[in-house]
Amino acid sequence: MADAPPSPLGIPVDSIAWPVALAVVVALLSGGNTLLNGFAYDDFAIVKYNPAVWVPNRGAEIWTTDYWAHTRGYDANRDLLYRPLTVFTFRLNNMAGGDNPTGYHAVNVLLHALVAALVVVLATCVGCGQQARALAGVLFAAMPIHTEAVANVVGRAELLAAFFALAALTLVWRATRATGALAALWYALSGVCVLAALLSKESGIAAVVLVPLFAFVAQWPAGRGRRVLMATMVVLAALVPYLVLRYHALGGQLLQTTVPSRITNVMVDATAAERFWGTWQLFGMYITKTVWPQDLCMDYSFQAVRLAASPTNLHVAIGVLSVAALVVVIVLAWRSGQQLLALTGAAVVLSYLPVSNTLFLIKTLFAERVWYLPSVFLAVVAGAVIVRWLRTPRRQRVGHWVMLVIVLAGLARCWERNADWRSNWCLFRSAYRVHPTSVPVMYCYGSWLAGIGNPLGLELLERSVQIAPGLFDAQWALGRAYADQGDDERALRALKAAVMQQPHHPQAPRLLKEVSARVAEARRADLVQLRQRYAQSGALPDLLAWIDALLDTGQAGDALSALAAEEERFGDHAAYHHTRAVILMVNGRRDEAVESYRRSIALDGGQPEVLVELASALMDRRRPGDVSEAEELINRAFRLNPDNPQTLIARAELSTIQGRRTEAIDIYRRLIERLPPGELRTTLETRLEILEHDY
């Protein structure tokens with residue numbers, strides 16, 4: 001497929017000078033207009049408003065806390081990530097130019113150019129000729145699918161991880177072609193780069209596997225076992241301190257322990273068929289968006305991607321054919337003596353596996369940025385294969401022009417897509433155009449529209465809440481929108497749901513308190529009357545009526561205090577513990593609420609509503625054994641009252657979780673036919689629409 005590297009001890013500069021220069025120029029051009037962009041999306045949370053980035057004397061905590069540590073006070077379910085080197089570069093940016101986004105974007109573009117240069121170097125190391133290595137670098141630099149990693153400032157994690165992973169592979173290749181102290185130096189530097197890749201982003205774990213593999217297949221007449229041993233030792237020397245640092249920063253754990261939400265990853269509740277074919281489908285989507293990047297979007301979560309359940313899906317077919325093509329390239333390269341090129345083909349899949357949702361589920365189903373490192377190896381393989389195919393003069397005449405058109409078209413699409421990342425407004429508008437049914441897109445775009453008084457904003461926010469009532473961001477955005485419009489009753493409803501999910505959020509409880517004070521003032525007479533009635537009667541029903549009124553006006557804390565004061569009198573009543581469970585749920589104390597529900601059921605197990613509420617809390621929590629307990633509770637409630645709407649809704653939700661979508665659809669259809677027009681029916685119609693779309 002190509003000529004072998006000209007020197008066993010290094011790479012002559014004159015053999016890679018112009019391919020590297022060309023790749024760098026194309027990379028700089030592809031990201032050039034990002035210098036006009038501001039911050040967008042996660043840039044605000046991770047860069048602009050992250051104390052570890054801009055507060056003096058807080059730089060050390062970058063290395064001892066997790067990526068989202070500044071949100072830990074209110075988001076217990078935050079994604080546990082450890083990327084200190086990336087955050088450290090943000091701090092350096094801030095020290096150099098404050099929060100001016102131009103400097104951050106400039107660093108990203110330069111990193112992209114450096115990675116493109118290393119793609120050329122890697123192509124040289126694995127045996128590609130001059131034309132193939134140049135083509136690999138240019139194709140990689142001009143891929144529009146990379147715009148999310150380059151134009152989004154926080155995409156720097158991908159750029160750094162790829163840069164250090166490629167540097168590690170290049171250095172271990174040099175080490176296998178050196179002897180003595182020089183070889184040891186190259187191995188040691190390779191290990192340092194592996195550690196840097198891991199500290200940049202979790203995807204750097206690919207280097208841990210690839211470095212020993214590159215040492216194993218490197219073309220050197222003797223000493224293969226020693227090379228592999230050395231490479232393995234330096235990888236372990238990098239991995240051990242990384243795991244220690246990560247374990248400490250993540251509070252005594254190495255991996256995420258909470259179950260991902262179906263809203264962010266639809267594979268959570270997927271059937272076995274959907275999990276299997278969906279894996280091929282996602283790979284096919286990455287390949288498709290690499291070669292035909294017409295529709296690029298910031299979000300591919302709930303309702304944006306419909307998982308395939310059979311091999312008839314187009315992206316499944318593309319995924320299967322792409323892997324088959326890679327296997328053919330790997331076999332042919334190996335047989336022709338180009339083992340490193342064969343390994344590069346395998347590296348496409350190996351580097352993709354950690355984010356593929358194949359080995360384990362992560363919080364992201366699909367994201368363009370995670371394809372950055374796998375596309376490095378894909379570009380090298382593509383460069384080698386295309387140049388091999390263009391070996392005849394006739395094909396070369398046509399092929400060179402075709403490649404030029406492809407690169408220019410890629411650059412044009414990069415500039416167009418980079419402009420979408422200019423601001424949140426541009427980004428959300430673009431995302432809504434591509435994925436108008438996605439819940440995150442709806443609440444992001446809806447928030448912007450509501451902020452400028454567009455009625456479509458509230459419509460989108462209401463719909464996002466109907467689809468995902470347990471999503472904090474949607475409830476919080478809707479509550480703010482209604483509060484801004486002066487609709488305190490509706491704002492109160494949304495804000496109560498938001499605070500229930502994140503009770504320690506820095507802004508939501510404060511706004512809830514303001515809104516509830518206004519609502520309580522409007523209902524002051526009713527509250528006083530209910531409190532006096534209980535004071536006179538001392539009866540549990542009157543106490544609970546007063547407590548419910550406090551809850552209705554958003555005074556969950558006062559309600560819990562008032563209830564706790566009467567525990568000695570009513571602690572042996574099921575209704576007391578049921579009300580306490582409801583208040584605890586509203587206060588975001590779900591685990592305590594579960595125990596109160598269980599206490600209520602132990603005292604009186606004949607209340608279907610209580611059984612269903614506990615089942616819903618368990619299905620939301622999803623700890624081991626929770627879903628099976630929820631199923632038992634729902635079956636008990638159904639035996640008590642098979643016509644109760646809440647019981648039927650819970651059965652439908654359980655069926656969805658367990659993959660019985662047709663059963664859930666049938667339940668919703670029959671229930672909707674029985675319900676009168678109203679909010680509940682509208683919500684169920686939305687859920688039915690989603691299920692039918694997914695099915």
Side-chain angles (χ1 to χ4, degrees), residues 39 41-94 104 149 152-162 164-165 194-208 238-261 263-265 354-355 357 359-365 367 369-370 373 472-473 501-507 588 591 621-623:
F39 292 121
Y41 210 35
D42 285 343
D43 292 349
F44 289 99
I46 296 298
V47 180
K48 188 174 177 64
Y49 301 129
N50 186 353
V53 170
W54 61 272
V55 175
N57 302 320
R58 291 189 62 174
E61 68 185 54
I62 293 174
W63 306 93
T64 59
T65 57
D66 66 89
Y67 191 59
W68 293 97
H70 55 291
T71 69
R72 62 186 169 189
Y74 60 89
D75 187 5
N77 295 319
R78 69 190 185 280
D79 204 1
L80 289 180
L81 306 171
Y82 185 57
R83 302 170 183 177
L85 187 56
T86 299
V87 180
F88 180 68
T89 66
F90 295 149
R91 187 170 180 86
L92 293 179
N93 258 127
N94 186 272
Y104 294 87
N152 192 199
V153 173
V154 297
R156 186 179 300 178
E158 304 289 348
L159 307 176
L160 288 170
F164 287 114
V194 170
L195 178 59
L198 290 168
L199 294 173
S200 299
K201 192 182 178 184
E202 287 75 5
S203 58
I205 195 70
V208 174
L239 185 61
V240 170
Y242 166 73
L243 292 178
V244 171
L245 288 171
R246 183 182 179 89
Y247 183 82
H248 173 69
L250 270 56
Q253 55 185 319
L254 293 174
L255 298 174
Q256 189 82 34
T257 56
T258 57
V259 178
S261 167
I263 298 299
T264 58
N265 189 338
V355 295
N357 286 286
L359 303 178
F360 47 84
L361 294 182
I362 60 177
K363 285 196 170 183
T364 302
L365 175 72
R369 61 188 179 274
V370 305
L373 181 58
F472 167 81
D473 294 311
Q501 294 150 34
Q502 289 193 14
H504 303 296
H505 189 269
Q507 297 176 346
D591 292 344
R621 189 173 69 172
R622 301 271 189 102
R623 288 183 182 172

Enquirer: How far apart are the closest heavy atoms of I62 and P84, and which atoms are they?
Expert: CG2-O, 3.2 Å
Enquirer: Could you check whether any side-chain heavy atom of D591 comes within less than 4.5 Å of a side-chain heavy atom of R623, counting everything from C-beta outward?
Expert: yes
Enquirer: Show the nearest heavy-atom pair for residues L373 and A165, with the distance to one decimal.
Expert: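 In this case the closest contact between L373 and A165 is CD1-CB, 4.4 Å.
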Enquirer: Between L243 and L198, does the side-chain contact (heavy atoms from CB on, under 4.5 Å) criterion hold? Intermediate values first, please.
Expert: CA-CA 9 Å; L243 292 178; L198 290 168; over 6 Å; no
Enquirer: Which atom pair, heavy atoms only, marks the closest approach of Q253 to L80?
Expert: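 Closest pair (atom of Q253, atom of L80, distance): NE2-CD1, 3.3 Å.
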Enquirer: Do D43 and K48 come within less than 4.5 Å of each other through their side chains, counting heavy atoms only?
Expert: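 No - every pair of side-chain heavy atoms lies 4.5 Å or more apart.
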Enquirer: Could you tell me how the ring of Y104 sits relative to the ring of F90: parallel (under 30°), tilted (30 to 60°) or perpendicular (over 60°)?
Expert: tilted
Enquirer: Under the rule for side chain to side chain donor-acceptor pair (under 3.5 Å), what residues qualify as partners of N357, not counting sequence neighbours?
Expert: N265
Enquirer: Give a yes or no on this: more than 12 heavy atoms of other residues, nucleotides or ligands lie within 6.0 Å of atom CZ of F44.
Expert: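 Count over threshold, so yes.
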Enquirer: Between L245 and W63, does a side-chain contact (heavy atoms from CB on, under 4.5 Å) hold up when you go through it step by step?
Expert: CA-CA 8 Å; L245 288 171; W63 306 93; 5.7 Å; no
Enquirer: To the nearest 0.5 angstrom, please state how far the OH atom of Y242 sits from the CD1 atom of I205.
Expert: 7.0 Å
Enquirer: Start with the C-alpha gap between L199 and Y82, add the side-chain angles, then the distance that decides, and say whether side-chain contact (heavy atoms from CB on, under 4.5 Å) holds.
Expert: CA-CA 7 Å; L199 294 173; Y82 185 57; 3.9 Å; yes
Enquirer: L160 and S200: which non-hydrogen atoms are nearest, and at how many Å?
Expert: CB-OG, 3.4 Å
Enquirer: So which heavy atom on A197 is nearest to which on F164, and how close?
Expert: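 It is N-CB, 3.6 Å.
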Enquirer: Under the criterion side-chain contact (heavy atoms from CB on, under 4.5 Å), I'd like the reasoning laid out for R246 against E202: C-alpha separation, chi angles, the key distance, then a yes or no.
Expert: CA-CA 10 Å; R246 183 182 179 89; E202 287 75 5; 3.0 Å; yes
Enquirer: Return the NE2 to CG distance between H248 and L254, rounded to the nearest 0.5 Å.
Expert: 13.0 Å
Enquirer: As a test of understanding, state which of T364, V355, L159, V154 forms a side chain to side chain contact (heavy atoms under 4.5 Å, CB included) with R369.
Expert: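 One option only clears the test, and that one is T364.
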Enquirer: For P51 and R58, work out which heavy atoms get closest and say how close.
Expert: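 Closest approach of P51 to R58, heavy atoms only: CB-NH1, 3.2 Å.
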Enquirer: Just wondering, do R156 and N93 contact through their side chains at under 4.5 Å, heavy atoms?
Expert: yes
